Number of protein chains: 2
Amino acid sequence: MRLTTKGRFAVTAMLDLALHSSKGPVTLAGISARQRISLSYLEQLFGKLRRRSLVESVRGPGGGYNLAKEASLLTVAEIINAVEESIDSTQCGGKENCHDNHRCMTHDLWEELNATVHGFLSRVTLADLVEKQRTKPVSVVAPRARTRADGPTITV
Amino acid sequence: MRLTTKGRFAVTAMLDLALHSSKGPVTLAGISARQRISLSYLEQLFGKLRRRSLVESVRGPGGGYNLAKEASLLTVAEIINAVEESIDSTQCGGKENCHDNHRCMTHDLWEELNATVHGFLSRVTLADLVEKQRTKPVSVVAPRARTRADGPTITV
DNA sequence: CTATACTTGAGCAATCAGGTCGGGTTTCCC
DNA sequence: GGGAAACCCGACCTGATTGCTCAAGTATAG
């Protein structure tokens, strides 16, 4: 599980898609204009998202992209995994490269932390983000006040 | 909050340091040999860790590094933040670059996710990792069975 | 049949990961 | 005092990735 701007771009674009999906397919040109992401870069990202079946494409005029599943079934973890290459997490790759008594220390450790972060992000769905966005629509930089209505999923 | 192999190397090295700190300062050469991380790379990482006061150095023969605080007070989030440059998370940088009604959408979104991941990793301490390591010492690739004794902190 | 929109691939500048090299400086120890 | 053990530091290098452009497609509505 890597976490860079690339995944952020992808999640941002998917959120925009979810927010505009009510009126048929959403064009990359639209997302590009609204989110200020270059069209060509979006094309690359959505190529991956399509191959991983997170979105569906409609070609021709009036075409664009639709979510392949309901927003409530699409997780942030899925989106990030779709666009970011996986990471090996260990220099020995699980093999016998390191053979002393510290052999699998890093391996186990990172599998654990990986699983934890991934587990967390896989419980945040696009629908959660849409909801979040709608309840705090335009606004300025946002007061830090929180209510219990935020729900347990994405709050700390 | 970025999450790459760099941060992993740093956490791995700090864990090794914590595991061997009982017998005085730990040398980078030792960490390098045990964890198979290049000495020069470790020097770079520990330079940052020292400047952020996560470790203390002892120069001269018999020298090395010590933790600057107790392991129970050192969090994974601190370590990762020390070695990985921060990330801006948004193309408008909080400024008036984007001015339509989607102005702060990505900004708020990422601040939120950032805070969440960071919040999680800041509740995992080095002491937790040491404990984990001691209870499951050498072993092979580790069976996926889990018990409640794992505790709530770093399990999913 | 044309405009719209997705699809694919080559290529490119900048940055970063991960590491090498070559020098320092501080301090212990003989 | 002179090594040697260790940290310290900065330049530099290589390869991969990021983020992007350009150019050429293909499918389809009208």
Side-chain angles (χ1 to χ4, degrees), chain A residues 2-13 17 20 23-33 35-66 68 80 82-91 93 106, chain B residues 2-13 17 20 23-33 35-52 54-68 80 83-91 106:
Chain A
R2 209 197 236 142
L3 211 49
T4 67
T5 50
K6 192 174 198 170
R8 290 167 199 248
F9 274 121
V11 175
T12 301
L17 179 50
H20 294 87
K23 318 183 255 301
V26 180
T27 70
L28 292 191
I31 298 177
S32 171
Q35 303 304 328
R36 322 272 155 150
I37 305 173
S38 99
L39 180 57
S40 315
Y41 200 38
L42 280 177
E43 286 171 350
Q44 286 179 31
L45 296 179
F46 274 78
K48 293 187 180 186
L49 293 172
R50 187 179 54 85
R51 266 169 249 129
R52 304 290 191 102
S53 303
L54 299 189
V55 296
E56 284 165 351
S57 64
V58 180
R59 301 180 75 150
Y65 285 93
N66 290 309
I80 292 177
V83 298
E84 292 205 272
E85 337 295 291
S86 65
I87 208 169
D88 51 349
S89 312
T90 168
Q91 57 271 53
T106 69
Chain B
R2 208 198 238 141
L3 210 48
T4 68
T5 49
K6 194 174 198 171
R8 291 167 199 248
F9 275 120
V11 175
T12 299
L17 178 51
H20 294 87
K23 317 184 256 301
V26 180
T27 69
L28 292 192
I31 298 178
S32 172
Q35 304 303 328
R36 323 271 155 152
I37 304 173
S38 100
L39 180 57
S40 315
Y41 200 38
L42 280 177
E43 284 175 349
Q44 284 180 33
L45 297 180
F46 275 78
K48 293 188 180 184
L49 292 171
R50 188 179 52 86
R51 267 169 246 128
R52 304 289 192 100
L54 299 189
V55 297
E56 285 167 351
S57 64
V58 181
R59 302 181 74 152
Y65 284 95
N66 290 308
L67 296 180
I80 292 178
V83 298
E84 296 210 87
E85 336 293 290
S86 63
I87 209 170
D88 50 351
S89 312
T90 168
Q91 58 271 52
T106 69

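All of these numbers come straight from a predicted model, not from anything done at the bench. What's counted below: heavy atoms across the whole structure, side chains too, no hydrogens, waters or symmetry copies. Chain naming here is simple, since letters A, B, ... match the order of the sequence lines and numbering starts at 1 in each.
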Acceptor/donor pairs from residues 41-49 of chain A side chains to any protein atom, 3.5 angstrom cut, sequence neighbours excluded:
residue: A/K48; atom: NZ; partner: A/V83; partner atom: O; Å: 3.3
residue: A/K48; atom: NZ; partner: A/E85; partner atom: OE2; Å: 3.0

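Here C/dA5 presents its C1' atom at 14 Å from CG of A/L42, a figure rounded to the nearest Å. Distance B/R50 CZ to D/dC7 C1': 8 Å, rounded to the nearest Å. In this structure, B/L17 atom CG and D/dC7 atom C1' are separated by 14 Å, rounded to whole Å. Nucleotide D/dC8 holds its C1' atom 14 Å from the CG atom of B/L45, rounded to whole Å.
When every heavy atom of A/S57 is checked against every heavy atom of A/R50, the shortest pair comes out as OG-CD, 3.5 Å. The shortest heavy-atom contact between A/R8 and A/L3 is NH2-CG, 4.3 Å. Residues A/L17 and A/Y65 share a closest heavy-atom pair of CD1-O, 3.3 Å. In terms of heavy atoms, A/S38 sits closest to A/S32 at C-OG, 4.1 Å.
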Protein-to-nucleotide contact annotation, 5' to 3' order, nucleotides 16-25 of chain D [B base; S sugar-phosphate only; - none; under 4.0 Å, heavy atom] | --SBBB---B

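In this view, A/V58 and A/P25, A/N66 satisfy the side chain to side chain contact (heavy atoms under 4.5 Å, CB included) rule, not counting sequence neighbours. Every residue meeting the side chain to side chain contact (heavy atoms under 4.5 Å, CB included) condition with A/T27, not counting sequence neighbours, appears here in chain and number order: A/A29. The side chain to side chain contact (heavy atoms under 4.5 Å, CB included) search around B/R59 returns none, not counting sequence neighbours.
Residues of residues 60-67 of chain B that place a heavy atom closer than 4.0 Å to DNA chain C, in numerical order, are B/G60, B/P61.
For A/T27 and C/dC6, the shortest distance from a side-chain N or O to OP1 or OP2 is not below 4.0 Å.
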